[in-house]
Amino acid sequence: MDDANKVDAVTGPDDDADVDVFDMPNGGGAPDGDPRWAVLPQSEVLSVEAADDFLCWRDAMVVAIVGERNGGKTTLVTELYSCFLRGTFAETLFCHSVSLMGFEQRCFQSRAQSGGLHPETPRTSKQEGLSFFHLGLANESDLKRHDLLISERAGEVYREIRDRPERAAKMVELRKASSVVFIIDGERVSCPLKRHEAYSSVRHLIRATISSGNLPARTQVQLVTTKYDLLEGEAFAGARESLTEFERSIGKLVAGRYEVSSFHTAARDPRPGAEPARGLAPLLRSWLRPPAKMSFREIPLPMLTNEFDRLMLYRESR
């Protein structure tokens, strides 16, 4: 018997000994009844079911980010989170998130600790399906809390809508959204050979989304141009003019049905001394703006067949 076993034979095993979870086999969990283990809440991005559970707990606003691959959807959201690591942003304070690990996993490759030569953002896989980031924020002035659920979905799925518009009717994030962000890729706009294809893609997405009937009447429709730093300078004056004209055309396309606003962002400008997360502050404030309240009369209702069903209309008319 070695010395350690002799000690255990006399005093019993050391209940305070450290447990190295990295030495456990994959799939190992907390031993039943072991007081040294505690189950922590999950902190990955939220599934659709988890987002629904969250909405039963908190009155959160849903933001749907819509765009094709490599447009900068995930970078925009993760850089927004990174702003709060530096302190107050857009007159708001960070106060809570149930998706911290999801944010950190997507931010790591953009940091010096990753050892990469350039900041990167991992692409969202089509197999991951729909998920949501969560941000709990408080006004700097009165500390009133606001919760945001921001959608995360692979750009390949949105590209398929161009060929099969009927798929837009099945997208849950659009049905629940208070704001729908259509991403315009500034890098493609800066290239004359890709510019009209970029505009056409966004226009088809907007038409498919609206014609599906899946978009609530009071939803904010937002055109967000990413990588706007690539459109600066005299050489790109024509690109900026064409972008302005495209934004006007979308406003006319949905006039009378939805409120349309435009934002120009440079979430990760690589130039030395560039302002971080440029253009994200006004975008964030627009997401936090309370949506206009709807009357029961404005909500499409099924056929009401009895007096109990009609009671809510009676209460609204009083």
Side-chain angles (χ1 to χ4, degrees), residues 46 48 51-52 54-56 58-68 71-74 76-77 80 90 130-135 137 146-153 155 157-162 165-184 199 201-226 246-265 279-302 316:
L46 302 179
V48 175
D52 282 336
F54 184 88
L55 288 171
C56 293
R58 300 287 308 180
D59 185 17
M61 288 173 281
V62 178
V63 179
I65 311 290
V66 179
E68 295 191 12
K73 301 186 298 297
T74 304
L76 185 148
V77 178
L80 192 60
L130 174 64
S131 56
F132 293 87
F133 294 104
H134 167 244
L135 274 177
L137 307 174
H146 305 274
D147 287 274
L148 292 174
L149 291 177
I150 307 173
S151 71
E152 167 86 335
R153 193 195 281 271
V157 178
Y158 293 117
R159 182 176 179 83
E160 292 173 358
I161 296 179
R162 296 173 57 180
E166 67 276 6
R167 292 191 175 184
K170 299 179 181 179
M171 293 190 166
V172 179
E173 68 270 32
L174 300 177
R175 190 181 316 127
K176 294 179 178 290
S178 59
S179 301
V180 177
V181 175
F182 291 96
I183 296 294
I184 304 173
Y199 294 154
S201 171
V202 176
R203 187 181 294 107
H204 286 343
L205 282 173
I206 293 175
R207 283 176 173 167
T209 300
I210 294 175
S211 63
S212 70
N214 201 22
L215 207 60
R218 299 299 180 91
T219 302
Q220 296 184 89
V221 174
Q222 299 179 322
L223 303 176
V224 176
T225 303
T226 58
F246 174 73
E247 292 169 344
R248 288 199 197 101
S249 69
I250 296 300
K252 295 177 182 177
L253 178 66
V254 302
R257 290 178 287 179
Y258 297 97
E259 174 189 351
V260 181
S261 53
S262 300
F263 299 86
H264 301 154
T265 67
L280 294 191
L283 179 61
L284 175 61
R285 293 304 307 176
S286 72
W287 294 349
L288 298 177
R289 187 172 60 196
K293 292 184 178 180
M294 294 183 66
S295 166
F296 280 128
R297 301 287 181 180
E298 299 178 84
I299 302 175
L301 297 174
E316 176 71 10

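What you see is a predicted model, and the numbers here were worked out from it, not measured in a lab.
- When atom types are taken as modelled, the side chain of S261 and the backbone of Q222 share no donor-acceptor pair closer than 3.5 angstrom.
- A208 and S211 make their closest contact through O-OG, 3.2 Å (heavy atoms, listed as atom of the first residue, atom of the second, distance).
- Side-chain N or O atoms of S151 include none that pairs as donor or acceptor with a backbone N or O of F132 at under 3.5 Å.
- To the nearest 0.5 Å, the span separating CZ on R58 from NE2 on H146 amounts to 10.5 Å.
- The shortest non-hydrogen separation linking A168 to N214 is O-ND2, 3.0 Å.
- Taken from NE2 in H134 to CG in D147, the straight-line distance is 4.0 Å, to the nearest 0.5 Å.
- With rounding to the nearest 0.5 Å, the separation of CD1 in I161 from CD in E68 is 9.5 Å.
- Shown here for A90 and L284, the closest heavy-atom pair between the two residues is CB-CD2, 3.9 Å.
- The main-chain N or O of S286 is found under 3.5 Å from a side-chain atom of Q220 such that the two form a donor-acceptor pair.
- R153 meets the salt bridge (Lys or Arg N to Asp or Glu O under 4.0 Å) test with E173; sequence neighbours excluded.
- Side-chain contact between L253 and V260 is absent, with no heavy atoms from C-beta onward closer than 4.5 Å.
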For this session: Under the side chain to side chain contact (heavy atoms under 4.5 Å, CB included) rule, what do L223 and I206 come out as? Steps first, then yes or no, please.
Result: CA-CA 10 Å; L223 303 176; I206 293 175; 3.9 Å; yes
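- Proximity of L76 to L283: side-chain heavy atoms (C-beta onward) are separated by under 4.5 Å at one or more points.
- No side-chain heavy atom of V221 sits less than 4.5 Å from a side-chain heavy atom of R257.
- W287 approaches M61 most closely through the heavy-atom pair O-SD, 3.4 Å.
- No donor-acceptor pair closer than 3.5 Å links the side chain of T225 to the backbone N or O of T265.
- One distance of note links CD1 of I250 with CZ of F182; it measures 9.0 Å at 0.5 Å rounding.
- Residues L149 and K176 are not in side-chain contact: their nearest non-hydrogen atoms beyond the backbone lie 4.5 Å or more apart.
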Problem set entry | V157 and R167: CA distance, side-chain angles, deciding distance, side chain to side chain contact (heavy atoms under 4.5 Å, CB included) verdict | CA-CA 9 Å; V157 178; R167 292 191 175 184; over 6 Å; no
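- A169 and S212 get closest at one heavy-atom pair: N-CB, 3.8 Å.
- A donor-acceptor pair under 3.5 Å is absent between the side-chain atoms of Y258 and the main chain of I210, judged by distance alone.
- Atom CZ of F246 is separated from atom CD1 of I184 by 5.0 Å, given to the nearest 0.5 angstrom.
- The distance from atom NZ of K252 to atom CD of E247, rounded to the nearest 0.5 Å, is 13.0 Å.
- The main-chain N or O of G67 is found under 3.5 Å from a side-chain atom of K73 such that the two form a donor-acceptor pair.
- Looking at heavy atoms from C-beta onward, V77 lies out of side-chain contact with V63 at the 4.5 angstrom threshold.
- Minimum heavy-atom separation, V202 to I183: CG2-O, 3.5 Å.
- Side-chain atoms of T226 come within 3.5 Å of backbone N or O of G71 as a donor-acceptor pair.
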